[in-house]
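Contents: one structure, followed by commentary.
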Amino acid sequence: MRPYYPAPNLLNVSPHSSALPVGIFDSGLGGLSVLRAVRKLLPDERLVYVADSRYAPYGQRDDDFIADRTLAIGQWLMAQGAKALVVACNTATAQSIEFVRERLPIPLVGVEPGIKPAALRSKTRVAGLLATQVTLRSARFQALLERHSADLRVLCQPGHGLVEAVERCDVDSPALIALLHGYLQPMLDAGADTLVLGCTHYPFLDTAIRSIVGEQMTLIDTSVAIAKQLERVLTRDGLRAPATGDAPAPARFCSTNDGTHLHMLAAALLGIDAQVESVRIPSRRTLELEANAA
Ligand code: DGL
């Protein structure tokens, strides 16, 4: 079966489009930190969340794999009626947002590490940054760094092992604290007063990070900025859901694996007992993987 790659066309905004859901996608559970901010700012929006946990972490995948998954999941979310897509994954944004934007006829909002807010806040002019290896080596990230770090020294540290820990719902084990310590102590030693969380999984580690850095560092998480950008885009395109004044609209949670950990983290983070659907979203590269495994 070949995945469906539609030709780009214009989004037809009908009077009913505003009632359609917003799709939010991440390689796994990290995008829940973005979903939390979106629910808070835009409680009337219906949300469909996809965790591609079966293929996480993306930080260890090649560029083509990430572009292939991002496009396939965007198409799947459109087929579920999504009027806009939030790529709640720094890695997928850094590597493939332009590619996907050219191929999907709905507005896309991506995420990028908060270098700009770090440059505005740091007093010591030294900031630490944790992100995946794929994000750090991307041309998009390198351009971002060049734009905002003229007088800021940014210590870029690949967060090997951190996405895997969050995916298994480990946010405080001794092994995780030791791993984080190895990443953060050199930043503290170099005088960093700001830490950019350049991966949407990392806000789940804020308590563990605080246990190491105390109040010596300001943590920069961009999830609220992403929610605000989504608000601007929906308003610009006439796609804001009508206000009801009720409690947040229910979200639909989907996972490409069995969904157990998505259920656990949604309960811990959002305080909701989410029914998680296990979904199959085939793409060119995953069909190849399956064919090779058969
Ligand atoms: N949450 C993703 C990000 O923001 C994690 C990427 C991965 O799966 O390695 O980059």
To the closest 0.5 Å, what do you measure between [atom1] ([X]) and [atom2] ([Y])?
| X | Y | atom1 | atom2 | result |
| --- | --- | --- | --- | --- |
| Glu167 | Leu29 | CD | CG | 4.0 Å |
| Thr235 | Arg240 | OG1 | CZ | 4.5 Å |
| Ile272 | His263 | CD1 | NE2 | 9.0 Å |
| Ile209 | Leu197 | CD1 | CG | 5.0 Å |
| Phe253 | Leu35 | CZ | CG | 5.0 Å |
| Thr194 | Met187 | OG1 | CE | 11.5 Å |

Using a 4.5 Å cut-off on heavy atoms from C-beta on, say whether the side chain of [Y] contacts that of [X].
| X | Y | result |
| --- | --- | --- |
| Val22 | Lys83 | yes |
| Leu205 | Leu176 | yes |
| Tyr202 | Leu162 | yes |
| Asn90 | Thr132 | no |
| Thr222 | Glu112 | no |
| Asp52 | Ile73 | yes |
| Val224 | Leu41 | no |
| Ser53 | Leu262 | no |

Item to complete: Determine, step by step, whether Arg153 and Arg125 satisfy the side chain to side chain contact (heavy atoms under 4.5 Å, CB included) criterion, reporting the C-alpha distance in whole Å, the side-chain angles of both residues, the deciding distance to 0.1 Å, and the verdict.
Response: CA-CA 6 Å; Arg153 189 170 156 225; Arg125 309 315 292 153; over 6 Å; no
[atom1] ([X]) with more than 12 external heavy atoms under 6.0 Å:
| X | atom1 | result |
| --- | --- | --- |
| Gln275 | CD | no |
| Arg121 | CZ | no |
| Glu146 | CD | no |
| Arg54 | CZ | no |

I'd like to know if [Y] and [X] are part of one continuous hydrophobic network [Ile/Leu/Val/Met/Phe/Trp/Tyr, side-chain heavy atoms within less than 4.5 Å].
| X | Y | answer |
| --- | --- | --- |
| Trp76 | Tyr55 | yes |
| Phe141 | Val163 | no |
| Phe25 | Met78 | yes |
| Leu144 | Val126 | no |
| Leu219 | Val166 | yes |

Practice prompt. Please report the C-alpha distance between Val213 and Leu195 in whole Å, then the side-chain angles of each, then the deciding distance to 0.1 Å, and finally whether the side chain to side chain contact (heavy atoms under 4.5 Å, CB included) criterion is met.
Written response: CA-CA 10 Å; Val213 306; Leu195 177 65; 5.5 Å; no
Discussion item. The test is salt bridge (charged side-chain N to carboxylate O under 4.0 Å, His left out); show your working for Asp62 and Arg285 and say whether it passes.
Written reply: CA-CA 11 Å; Asp62 64 65; Arg285 292 293 299 277; 2.8 Å; yes
Fill in: Glu288/Asn292 under side chain to side chain donor-acceptor pair (under 3.5 Å): CA gap, chis, key distance, verdict
CA-CA 6 Å; Glu288 275 170 27; Asn292 291 339; 5.8 Å; no
Sidechain-backbone polar pair: [X] side chain, [Y] backbone, donor-acceptor under 3.5 Å:
| X | Y | value |
| --- | --- | --- |
| Gln142 | Leu136 | yes |
| Gln157 | Leu184 | no |
| Ser27 | Tyr58 | no |
| Thr286 | Pro282 | no |
| Arg39 | Pro43 | no |

Fill in: side chain to side chain donor-acceptor pair (under 3.5 Å) between Gln95 and Arg61, worked out
CA-CA 11 Å; Gln95 202 291 315; Arg61 301 282 183 179; over 6 Å; no
Between [X] and [Y], what is the shortest heavy-atom contact and its length?
| X | Y | result |
| --- | --- | --- |
| Asp26 | Ala88 | OD1-O, 3.3 Å |
| Phe204 | Ser33 | CZ-N, 4.0 Å |
| Asn257 | Ser278 | O-OG, 2.9 Å |
| Ser223 | Ala37 | O-CB, 3.5 Å |
| Ser283 | Ala72 | CB-CB, 3.6 Å |
| Ile24 | Gly31 | CG2-O, 4.4 Å |

Discussion item. The test is side chain to side chain donor-acceptor pair (under 3.5 Å); show your working for Thr244 and Asp44 and say whether it passes.
Written reply: CA-CA 7 Å; Thr244 62; Asp44 298 310; 2.9 Å; yes
Discussion item. Using side chain to side chain contact (heavy atoms under 4.5 Å, CB included), reason through Leu77 and Val50 one step at a time and then give a plain yes or no.
Written reply: CA-CA 8 Å; Leu77 281 162; Val50 172; 3.8 Å; yes
Worksheet item: Yes or no on side chain to side chain contact (heavy atoms under 4.5 Å, CB included) for Thr207 and Asp172, after CA distance, side-chain angles and deciding distance?
Response: CA-CA 8 Å; Thr207 306; Asp172 57 6; over 6 Å; no
Item to complete: Given side chain to side chain donor-acceptor pair (under 3.5 Å), test Thr135 with Thr91 step by step and report yes or no.
Response: CA-CA 5 Å; Thr135 298; Thr91 307; 3.3 Å; yes
Worksheet item: Is there a donor-acceptor contact under 3.5 Å linking the side chains of Ser122 and Asp193?
Response: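 Yes, Asp193 and Ser122 have a side-chain donor paired with an acceptor closer than 3.5 Å.
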